[in-house]
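Below is one structure, written out as structure tokens; comments come after it.
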Amino acid sequence: MSTHINAPEGAIAPHVLLPGDPLRAKFIAEHFLEHATCYNEVRGMFGFTGAYKGVPVSVQGTGMGQPSLSIYATELFKCYGVQTAIRVGTCGAVSERTRLRDTIIVNAACSDSALLNQRFGGLHFAPTAHFDLVRVADKIAAERGIRYAVGSVASSDLFYDKNENWKTWAAYGVLGIEMECAELFTLAAEYGRRALAIMTVSDHILLGGATTAEERQTTFTTMISVALDTIVAAC
């Protein structure tokens with residue numbers, strides 16, 4: 001067991017999906033995993049382990065923001081030996097390359113978070129996804145003919161950004177704004193593990209349009225199936 005995950009040794013699979021919303025974790029377990037069992041309910045942050053196409057897979061909610069993600073990803077890597085972690089979540093798009101409900105395979109993450117400064121001081125670390133996972137996910141998405149893009153996101157600590165910093169990120173080719181990827185990629189680098197993020201565009205900041213809270217919680221299944229099949233192909 002760890003401080004925030006009440007799971008005994010062996011209860012968590014080596015490969016884990018990380019949705020921010022614990023109810024999305026429950027949805028994934030119920031609709032995609034066979035024989036799923038709940039291993040964590042601490043603070044309502046559900047975690048489940050089951051099987052997908054015969055491969056053991058866990059799904060763990062992480063909450064919103066990099067500090068919350070950092071707690072769960074650290075404990076999964078450090079205490080439970082997780083080898084592969086794929087964030088499945090939503091983002092606000094800031095690029096004309098994408099449309100509402102498109103899938104984004106994230107290969108790198110910018111950030112405004114002080115977490116990077118606390119670790120690296122005046123140095124500038126570049127948080128990136130694991131290339132093998134990006135390559136496999138790109139191949140799967142292309143074969144399925146879905147609308148998707150591969151590129152970077154910005155992991156912001158501000159959800160309500162009055163300064164509209166998204167415009168600066170957009171000018172440098174960032175596809176979307178979200179709140180967790182940079183910390184996940186940084187922790188994976190620290191622990192020598194593999195990480196990726198596959199996002200669904202839930203809001204389009206540049207072009208306008210938004211999905212409902214219910215859609216964000218119980219649909220967006222394309223990114224989930226691509227993430228799970230990436231695990232199967234790359235494990």
Side-chain angles (χ1 to χ4, degrees), residues 1-89 106 109 115 118-119 127-134 136-137 155 179-198 217 221 223-235:
M1 297 182 184
S2 62
T3 304
H4 301 88
I5 302 175
N6 187 27
E9 184 177 354
I12 300 177
H15 314 293
V16 180
L17 297 189
L18 300 177
D21 185 349
L23 293 181
R24 183 180 291 131
K26 187 172 184 289
F27 175 84
I28 293 170
E30 291 175 346
H31 291 83
F32 287 88
L33 301 184
E34 297 179 348
H35 312 298
T37 58
C38 182
Y39 63 74
N40 188 64
E41 294 182 351
V42 176
R43 294 175 178 260
M45 201 59 67
F46 296 123
F48 301 86
T49 295
Y52 179 78
K53 296 184 178 179
V55 175
V57 176
S58 294
V59 54
Q60 173 65 56
T62 65
M64 290 189 291
Q66 293 183 83
S68 184
L69 176 283
S70 186
I71 290 170
Y72 292 97
T74 295
E75 293 183 14
L76 289 169
F77 290 147
K78 184 177 180 180
C79 304
Y80 295 98
V82 166
Q83 300 299 307
T84 305
I86 301 181
R87 167 161 158 67
V88 283
V106 181
L115 290 175
Q118 289 185 54
R119 285 192 182 91
T128 57
H130 195 281
F131 177 76
D132 288 347
L133 297 180
V134 175
V136 170
S155 301
M179 301 185 74
E180 289 85 22
C181 290
E183 179 67 2
L184 175 60
F185 295 167
T186 301
L187 287 170
E190 178 181 354
Y191 287 96
R193 311 299 165 82
R194 304 188 304 176
L196 176 67
I198 302 178
Q217 181 179 305
T221 55
M223 69 174 174
I224 298 167
S225 62
V226 171
L228 287 167
D229 285 324
T230 296
I231 286 175
V232 170
C235 71

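The model shown is predicted, which means the values in this text are computed figures rather than measured ones.
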Audit row: His130, Thr84, side-chain contact (heavy atoms from CB on, under 4.5 Å) steps and yes/no: CA-CA 9 Å; His130 195 281; Thr84 305; over 6 Å; no
Is the backbone of [Y] close enough, under 3.5 Å, to the side chain of [X] for a donor and an acceptor to pair up by distance?
X      : Y      : answer
Thr230 : Val136 : no
Gln60  : Met45  : yes
Thr186 : Pro127 : no
Asn40  : Asn6   : yes
Glu180 : Gly65  : yes
Tyr191 : Val82  : no
Thr62  : Leu18  : no

If every non-hydrogen atom of [X] is compared with every non-hydrogen atom of [Y], which pair is closest and at what distance?
X      : Y      : result
Ala73  : Leu187 : CB-CD1, 3.7 Å
Ala13  : Thr49  : N-OG1, 4.1 Å
Pro22  : Gly44  : CB-O, 3.3 Å
Ala129 : Val134 : CB-CG2, 3.7 Å
Ala11  : Ala7   : CB-CB, 4.1 Å
Val232 : Lys53  : CG2-CB, 4.3 Å

Sequence neighbours excluded, which residues qualify as side chain to side chain contact (heavy atoms under 4.5 Å, CB included) partners of Ser68? Tyr72
Residue pair Phe27, Asp21: steps toward the side-chain contact (heavy atoms from CB on, under 4.5 Å) verdict: CA-CA 10 Å; Phe27 175 84; Asp21 185 349; over 6 Å; no
When rounded to the nearest 0.5 angstrom, what distance separates [atom1] in [X] from [atom2] in [Y]?
X      : Y      : atom1 : atom2 : result
Leu196 : Thr128 : CG    : OG1   : 11.0 Å
Leu69  : Met179 : CG    : CE    : 11.0 Å
Gln66  : Leu184 : CD    : CG    : 10.0 Å
Ile28  : Leu23  : CD1   : CG    : 11.0 Å
Gln83  : Arg194 : CD    : CZ    : 8.5 Å
Met223 : Leu17  : CE    : CG    : 9.5 Å

Are the side chains of Val59 and Phe46 in contact, using a 4.5 Å heavy-atom criterion? no
Quick one: does Phe185's side chain get under 4.5 Å of Ser155's, heavy atoms only? no
Are more than 12 heavy atoms, taken from residues, nucleotides or ligands other than Glu41, located less than 6.0 Å from that residue's CD atom? no
For Thr37, side chain to side chain donor-acceptor pair (under 3.5 Å) partners two or more places apart: none
For Tyr52 and Asp229, run side-chain contact (heavy atoms from CB on, under 4.5 Å): C-alpha distance rounded to whole Å, both residues' side-chain angles, the deciding distance at 0.1 Å, then the answer. CA-CA 8 Å; Tyr52 179 78; Asp229 285 324; 3.0 Å; yes
Go through it in stages, so that I can follow the logic: the residues are Tyr80 and Val16, the test is side-chain contact (heavy atoms from CB on, under 4.5 Å), and I'd like the CA-CA distance, side-chain angles, deciding distance and then a yes or no. CA-CA 11 Å; Tyr80 295 98; Val16 180; over 6 Å; no
Carboxylate-amine/guanidinium contact Glu183 Arg119, below 4.0 Å: yes
